[in-house]
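Chain identifiers are assigned alphabetically (A, B, ...) following the order of the sequence lines, protein sequences preceding nucleic acid strands; residue numbering begins at 1 within each chain.
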Protein chains: 2
Amino acid sequence: MIVEGRLPPGSPLPATRSLARDLGVSRNTVVGAYLRLDEEGFLETREQIGTFVAARFKPDTVHGASAQAGLRNEAGAPIVATPPPDPKVLRHRVTSPLEGTAEYDFWIGRVDVRLFPVRAWHRLLTRMLRQPVAHLCQYGDPQGLPELRTAIATYVAGARGIAVDPSRVLITNGIQEGLSLLARLLVRRGNNDVVVENPCYRGASAVFASCGARLRPVAVDHDGIDPAGLPASAALAYVTPSHQYPLGSVLTPERRQALLEWAGNCGAYILEDDYDGDFYYDRSPLPALKSQERFDQVVYLGTFSKSLGAGMRIGYMILPRELIEPVRAAKALLNNCQPWLEQAALAAFLAEGGYARHLRRLRQACASRRDHLLREIENHLPGSAVNGAGSGMHLAAHLPDTLPDAEAIEEAARARGVGVYSVASANAQPFGLRDSPLLKRCLLFGYAALNEAEISDALLSLRRAIDSLR
Amino acid sequence: MIVEGRLPPGSPLPATRSLARDLGVSRNTVVGAYLRLDEEGFLETREQIGTFVAARFKPDTVHGASAQAGLRNEAGAPIVATPPPDPKVLRHRVTSPLEGTAEYDFWIGRVDVRLFPVRAWHRLLTRMLRQPVAHLCQYGDPQGLPELRTAIATYVAGARGIAVDPSRVLITNGIQEGLSLLARLLVRRGNNDVVVENPCYRGASAVFASCGARLRPVAVDHDGIDPAGLPASAALAYVTPSHQYPLGSVLTPERRQALLEWAGNCGAYILEDDYDGDFYYDRSPLPALKSQERFDQVVYLGTFSKSLGAGMRIGYMILPRELIEPVRAAKALLNNCQPWLEQAALAAFLAEGGYARHLRRLRQACASRRDHLLREIENHLPGSAVNGAGSGMHLAAHLPDTLPDAEAIEEAARARGVGVYSVASANAQPFGLRDSPLLKRCLLFGYAALNEAEISDALLSLRRAIDSLR
């Protein structure tokens with residue numbers, strides 16, 4: 001087909017596994033055929049991409065010298081792609097699989113545009129544009145706008161008990177970029193063990209894996225990650241102490257101390273992801289790990305993606321002194337710096353108290369939505385044990401034996417336009433928990449983007465979906 | 001000093017080279033001492049960071065088991081940092097070293113905030129915020145806002161002759177991020193040769209080097225990169241055909257064909273960095289390499305950093321089909337997506353013709369500034385041979401023997417508050433050209449941010465600075 005041009009140059013070839021299945025032959029047979037075609041210059045294999053009909057040459061030169069050159073490196077050895085990392089591990093999705101299609105979507109991390117402080121934001125942007133400064137047009141500090149770093153240093157001191165000066169703050173395109181920068185610097189040959197929670201936020205585990213980390217999952221229960229399961233040492237430990245992703249547990253003070261002890265003893269960095277730490281309801285939150293450390297080894301990662309929305313892409317890190325320069329250089333090399341306009345607006349919003357007022361309103365709205373959801377869960381999913389409702393923007397309902405498995409409910413609900421999620425569907429990475437109740441019997445609800453009326457309608461539909469399974 | 005606590009945990013130790021100099025001993029002596037202290041658990045060495053007094057342990061446990069654990073990996077082997085890459089290679093600066101301090105700064109890449117379309121931009125932002133859409137608050141498509149990708153596909157078709165549909169466009173935080181994403185995907189073990197121009201844009205060469213590339217510099221002359229110097233094969237070639245950075249040469253049609261031929265024959269990707277391709281004066285520009293390729297192997301990198309300003313951080317790539325999915329996944333893993341608001345405003349600005357109008361005005365202003373600079377160079381630097389003035393936003397003046405070396409002029413001018421730059425100072429990476437006239441006798445002027453009156457004043461001061469050297 002290639003010679004006859006029926007498979008034109010550049011055409012992707014099916015994955016060996018699926019082709020073997022389709023043809024009903026062994027995978028080795030297909031792999032062997034691909035290798036042969038590759039050696040003969042008909043194919044190109046690219047790391048992390050796949051196998052293609054050699055796209056580089058006119059068909060009539062496929063057998064010519066140029067073709068050979070194309071598939072061989074300078075030393076004359078054929079270019080063989082190294083095995084690509086498992087795409088399942090290296091992909092993660094932060095947007096809902098039902099985006100736009102579901103009537104009511106409890107996808108974790110969605111925030112309600114109806115609560116965005118649009119007037120205040122427009123006022124601030126207008127002010128920033130009234131006397132345009134050079135920074136509107138020019139590259140900024142790779143570490144982030146100084147006014148914003150100052151405002152953030154003040155904010156985390158009051159809100160999270162972290163006392164640092166602005167030189168320790170670095171602005172990123174969301175927490176995800178912070179994790180990417182740190183993974184590239186800290187995961188290195190000879191010391192690539194990375195402790196992650198089990199289950200873990202997939203956006204994090206995927207980044208570490210992509211940098212060659214050996215993931216060391218540690219079990220999570222209702223008190224958060226269990227230090228008893230920590231390995232002897234590691235390059236770093238990635239944790240979500242304020243509100244474990246996805247289970248919602250709050251790490252207990254004892255375990256926080258044990259975790260810091262462990263890190264102190266083995267020289268590991270701790271990456272403290274406080275993705276929804278601005279949201280707490282019944283009592284004030286525990287201070288950040290970063291504020292409790294004896295040695296300068298915790299990186300605190302914060303974001304405005306939950307309070308102002310992920311569409312703004314503004315996150316930050318509070319860094320140990322020794323990491324400031326390396327991370328700053330890595331950020332400059334990655335993409336120079338963050339956009340100016342919304343950094344400047346946010347700096348003023350924080351400094352002038354607008355952000356604190358917005359956060360109070362937002363917290364009240366989320367608290368009442370949470371209360372309403374708790375009532376409706378009692379009504380429609382009686383007997384469920386709820387975890388993680390004290391803080392954050394989502395909770396975990398552990399289902400009673402009287403109800404079907406989480407995945408069955410998820411599927412039935414989806415058919416009725418309601419998005420609820422099992423752990424495996426919620427951008428979380430479970431490690432070998434296939435049959436654990438955590439995965440089979442836990443249903444996750446992100447409630448920040450739905451108001452009380454919508455929550456009631458959604459839970460009613462959910463109940464009907466469950467009944468339809470009986 | 002460590003045991004007595006006079007060097008507290010976490011203190012950085014001086015670089016072996018400089019300590020050896022200070023103490024007047026051989027470097028090996030210092031290295032030996034550091035190694036000994038490291039083995040004894042007093043120090044910590046971190047890749048890309050440096051050597052520190054072990055910060056992880058209470059002084060009284062420095063000799064204890066925990067200390068040992070901290071400095072040894074699980075296998076019990078001491079953690080020895082692999083040699084850090086040369087920071088000179090891995091750093092680059094896009095902001096002027098004279099930022100704010102110089103009265104007149106010809107730093108390349110600076111744009112004039114006085115020419116920013118501030119009214120139109122405010123109108124667009126206001127419109128976007130009038131009926132806030134969910135995207136304001138939520139994660140977007142990792143590939144970029146669909147409306148913006150559509151507008152860009154239309155734009156590059158008309159402006160650069162590149163006919164692609166929006167699915168080939170991916171939005172990035174500037175061209176720098178595009179290079180970072182591509183370097184991580186395309187530079188791989190067994191095929192890590194990367195062709196760069198000599199001299200080359202340092203932001204690019206540094207990114208490739210940081211991903212383990214073996215840089216293969218190829219000479220540049222007044223016709224651009226010389227294909228005669230291309231190696232037998234490479235993973236990719238990074239070029240700036242419209243306006244070579246930093247020398248300003250335009251790649252000739254013949255050489256463009258030769259470059260594409262070479263890439264076709266050896267299967268290399270071509271990264272076409274069109275950082276200032278929107279700016280041409282005397283005649284319309286040559287079509288982009290991407291529009292001339294026979295096979296789908298050129299990545300076109302464009303940006304709005306020169307037309308609207310780097311402060312907006314919006315760049316884009318036109319990708320070969322086979323790279324779309326891998327780059328999209330890599331972008332999601334890196335930082336999920338770009339901010340929504342200014343993407344949406346820019347999409348409307350492009351679609352409604354405002355951008356084209358702005359660009360015409362901007363081109364006229366830059367053309368007249370360039371003409372004025374050319375006259376003043378003739379007046380004050382008579383005999384200079386100017387290159388690269390036909391397009392872009394900077395030009396290269398090759399000095400006559402009657403004038404001092406570029407670096408001497410640069411230094412004298414700086415003392416008088418004028419920023420002009422030799423190649424080595426202009427965020428460019430020369431490879432072994434130390435004594436070439438290109439480096440010693442070439443002075444670079446970025447003229448986009450200074451108006452005619454400022455250019456006249458600046459050149460007068462420059463002339464006085466040169467006289468002071470005589």
Which answer fits B:Q343, side chain, backbone, both or neither, if we ask what part of it has an atom under 4.5 Å from a heavy atom of chain A?
-> neither

Counting heavy-atom pairs under 4.5 Å with chain B, the top scorer among A:L181, A:V111, A:V113 is A:V113

For A:L125, does its backbone N or O pair with a side-chain atom of B:H122 as donor and acceptor, under 3.5 Å?
-> no

So which bits of residues 127-137 of chain B come within less than 4.5 Å of chain A, counting non-hydrogen atoms only?
-> B:L129, B:P132, B:V133, B:A134, B:H135, B:L136, B:C137

With chain B, the option among A:A330, A:G178, A:P326, A:G203 that has the most non-hydrogen atom pairs under 4.5 Å is A:P326

Is it the side chain or the backbone of B:E293 that comes within 4.5 Å of chain A heavy atoms, both, or neither?
-> neither

Using a 4.5 Å cut-off on heavy atoms from C-beta on, say whether the side chain of B:Q138 contacts that of A:T95.
-> no

Toward chain A, the part of B:R321 with a non-hydrogen atom under 4.5 Å = side chain

Rounded distance (nearest 0.5 Å) linking atom CG of A:N336 with atom CZ of B:R313 | 5.0 Å

So do the side chains of B:L334 and A:V207 get within less than 4.5 Å of each other, counting heavy atoms only?
-> no

Given that the side chain runs from C-beta out, which part of A:L323 has a heavy atom under 4.5 Å from chain B: side chain, backbone, both or neither?
-> side chain

Rounded distance (nearest 0.5 Å) linking atom CZ of B:R184 with atom OG of A:S210 | 5.0 Å

Under a 4.5 Å heavy-atom cut-off, does chain A meet the side chain of B:I175, its backbone, both or neither?
-> neither

About how many Å separate CG of A:N335 and OG1 of B:T172, when rounded to the nearest 0.5 Å?
-> 9.0 Å

Do A:Q176 side-chain atoms and B:L333 backbone N/O form a donor-acceptor pair below 3.5 Å?
-> yes

Ranked by heavy-atom pairs below 4.5 Å to chain A, first place among B:C337, B:G311, B:G309 goes to B:G311

Given A:L186, A:L179, A:D141, A:V118, the one with more heavy-atom pairs under 4.5 angstrom with chain B than any other is A:V118

Using the test salt bridge (charged side-chain N to carboxylate O under 4.0 Å, His left out), find all partners of A:E177 that sit at least two apart in sequence or belong to another chain.
-> A:K331

Which of B:S305, B:P320, B:S180, B:A183 touches chain A most, by non-hydrogen pairs under 4.5 Å = B:S180

